[in-house]
Amino acid sequence: MGQKLYWLSEAEWKRIEPLLPRGRRGAHRVDDRRVISGILHMLRSGARWRDCPADYGPYTTIYNRFNRWSRQGVWGNIFYALTGSTGRVGTMSIDATHIKAHLSAAGAKGDFQQAVGRSRGGRTTKIHALTEDYGRPIAFVITPGNCHDLTAARDLLPAVSPARRLLADRAYDANSLREWLAERGTKAVIPPNPTRKHPHRYDVKAYKGRNLIERMFCRLKDFRRIATRYDKRADNFLSAILLVAAVTWWIN
């Protein structure tokens with residue numbers, strides 16, 4: 001039985017094609033749909049780039065396109081163009097997940113600058129995400145795995161419009177974050193840390209909706225190049241996350 005390949009459907013291609021770069025100098029680009037399908041196949045399979053099936057063309061073309069557009073911010077532009085701005089969101093969730101960094105992710109200059117941290121669990125990267133009412137991701141940040149969740153929250157939350165309420169776990173229970181959310185008109189639905197002398201009350205029923213962001217991370221990790229980090233450079237790994245999220249949640 002032959003290998004099952006990934007191909008963008010007609011409907012998916014109609015959504016993504018208008019967002020691709022146009023009018024750039026240089027050699028004429030080969031079939032964009034074939035190349036992007038090849039990139040997605042490699043992200044899903046987790047194989048080495050040089051093992052890319054010949055159906056997509058030379059592996060160098062597939063990797064070079066992914067790498068070049070990562071540097072140029074194209075994949076991020078596509079993701080944020082698709083998510084758009086829907087105004088004030090009813091409920092947002094924030095959370096993070098650890099990703100093990102493979103041996104092949106080593107070697108880039110400055111591990112910490114490339115969002116790789118060292119701890120007792122080894123070398124890891126942490127993906128931080130925000131999701132909207134339906135559990136679709138609207139923003140991502142990556143940090144070294146030993147970075148506290150609150151540190152990334154300060155970068156992640158200002159990037160989007162304020163929500164009516166924010167669901168988060170105990171790692172985000174800090175007075176500074178609660179006060180900042182209140183200033184933006186956002187209600188914090190965060191369980192109190194057990195060490196608090198005077199714990200805050202929170203909406204237990206609303207907090208159950210936080211499972212949506214956990215399910216989002218599980219689905220994201222169906223792509224093996226996200227479940228394990230193989231990329232040396234942080235921008236390449238983040239680009240893989242943004243591209244997969246755009247295709248999985250925003251063009252279907």
Side-chain angles (χ1 to χ4, degrees), residues 6 35-53 56 59-60 62-80 94-131 137-153 155-156 159 169 171 213-250:
Y6 184 101
V35 171
I36 295 174
S37 294
I39 291 170
L40 287 164
H41 174 84
M42 299 308 293
L43 297 180
R44 188 179 66 173
S45 69
R48 300 180 304 169
W49 290 101
R50 66 173 57 252
D51 294 329
C52 180
Y56 299 117
Y59 80 88
T60 51
I62 306 302
Y63 172 74
N64 288 340
R65 178 77 62 86
F66 173 72
N67 185 49
R68 183 167 62 251
W69 281 9
S70 292
R71 290 180 181 274
Q72 296 170 356
V74 172
W75 306 120
N77 292 340
I78 290 173
F79 173 78
Y80 288 109
I94 186 170
D95 204 355
T97 186
H98 281 89
I99 301 296
K100 192 79 171 179
H102 190 267
L103 182 63
S104 62
K109 187 175 181 180
D111 268 359
F112 202 81
Q113 295 176 351
Q114 298 300 333
V116 177
R118 296 176 182 271
S119 63
R120 286 182 297 177
R123 301 169 69 255
T124 57
T125 292
K126 192 181 285 188
I127 303 174
H128 306 262
L130 278 173
T131 57
I138 54 176
F140 287 100
V141 166
I142 61 172
T143 65
N146 54 357
C147 180
H148 196 278
D149 292 352
L150 277 172
T151 304
D155 295 328
L156 200 56
D169 62 24
I213 193 168
E214 295 173 347
R215 285 154 57 186
M216 183 278 295
F217 280 128
C218 287
R219 195 171 173 191
L220 196 65
K221 291 179 182 179
D222 285 342
F223 287 74
R224 297 182 66 184
R225 274 190 168 268
I226 296 175
T228 302
R229 176 175 170 177
Y230 297 99
D231 296 293
K232 286 182 173 65
R233 295 202 338 255
D235 60 335
N236 274 1
F237 185 57
L238 180 59
S239 292
I241 295 165
L242 294 171
L243 176 57
V244 168
V247 172
T248 303
W249 282 278
W250 290 101

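The figures here come from the full heavy-atom set of this structure, side chains too, leaving out hydrogens, waters and symmetry mates. The model shown is predicted, which means the values in this text are computed figures rather than measured ones.
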Interatomic distance, CZ@F79 vs OG@S239, rounded to 0.5 Å, equals 12.0 Å
Q. Between the main-chain N or O of A115 and the side-chain N or O of T125, is there a donor-acceptor pair closer than 3.5 Å?
A. yes
Nearest heavy-atom approach of Y6 to R44 is CD1-NH1, 3.7 Å
Rounded to the nearest 0.5 Å, the OG1 atom of T228 sits from the CG atom of L103 at a distance of 12.5 Å
One should read off an interatomic distance between D235 CG and N67 CG, to the nearest 0.5 angstrom, of 7.5 Å
- Task: Answer whether the closest heavy-atom distance between the side chains of I127 and F237 falls below 4.5 Å.
- Result: yes
### Query
Can you check whether P53 reaches M42 side chain to side chain, under 4.5 Å on heavy atoms?
yes
Nearest heavy-atom approach of G46 to Y230 is O-CE1, 4.1 Å
- prompt: Should K221 and I99 count as side-chain neighbours, where that means a heavy-atom distance under 4.5 Å?
  reply: yes
*Hey, are the side chains of V244 and W75 touching, using non-hydrogen atoms and a 4.5 Å cut-off?*
no
Counting only N and O atoms by type, is there a donor-acceptor contact under 3.5 Å from the side chain of R225 to the main-chain atoms of A47? yes
Going by atom types only, do N146 and S119 share a side-chain donor-acceptor pair under 3.5 Å? no
Here the gap from W249 atom CH2 to I138 atom CD1, rounded to the nearest 0.5 Å, amounts to 13.0 Å
Min side-chain heavy-atom separation L220-T248 under 4.5 Å: no
Residues L40, L243; criterion side-chain contact (heavy atoms from CB on, under 4.5 Å); working and verdict:
CA-CA 8 Å; L40 287 164; L243 176 57; 3.9 Å; yes
Legend entry - Pair E214-T97, side-chain contact (heavy atoms from CB on, under 4.5 Å): steps then yes or no: CA-CA 9 Å; E214 295 173 347; T97 186; over 6 Å; no
Closest heavy-atom pair, V116 versus A101, reported as atoms and distance to 0.1 Å, is CG1-CB, 4.4 Å
Looking only at heavy atoms, the pair that brings Y59 and W49 closest together is CB-O, 3.1 Å
| message | side-chain contact (heavy atoms from CB on, under 4.5 Å), that's the test. Do R229 and R123 meet it? Break it down for me. | response | CA-CA 10 Å; R229 176 175 170 177; R123 301 169 69 255; over 6 Å; no
*asked:* Between Q114 and D231, is the side-chain contact (heavy atoms from CB on, under 4.5 Å) condition met? List the steps.
replied: CA-CA 10 Å; Q114 298 300 333; D231 296 293; over 6 Å; no
Could you tell me whether the side chain of K126 reaches within less than 4.5 Å of the side chain of D149, counting heavy atoms only?
yes
When every non-hydrogen atom of T143 is compared with those of A152, the smallest separation belongs to CG2-CB, 4.0 Å
Is the shortest side-chain heavy-atom distance between Y63 and N236 below 4.5 Å? yes
Separation between CG (L150) and NE2 (H128), nearest 0.5 Å, reads 10.0 Å
F217 and A129 have their tightest heavy-atom pair at CZ-CB, 3.7 Å
Exactly one candidate in W69, Y56, F66 meets side chain to side chain contact (heavy atoms under 4.5 Å, CB included) with I39; the answer is F66
Value for CD1 (I226) from CG (L238), rounded to nearest 0.5 Å, stands at 10.0 Å
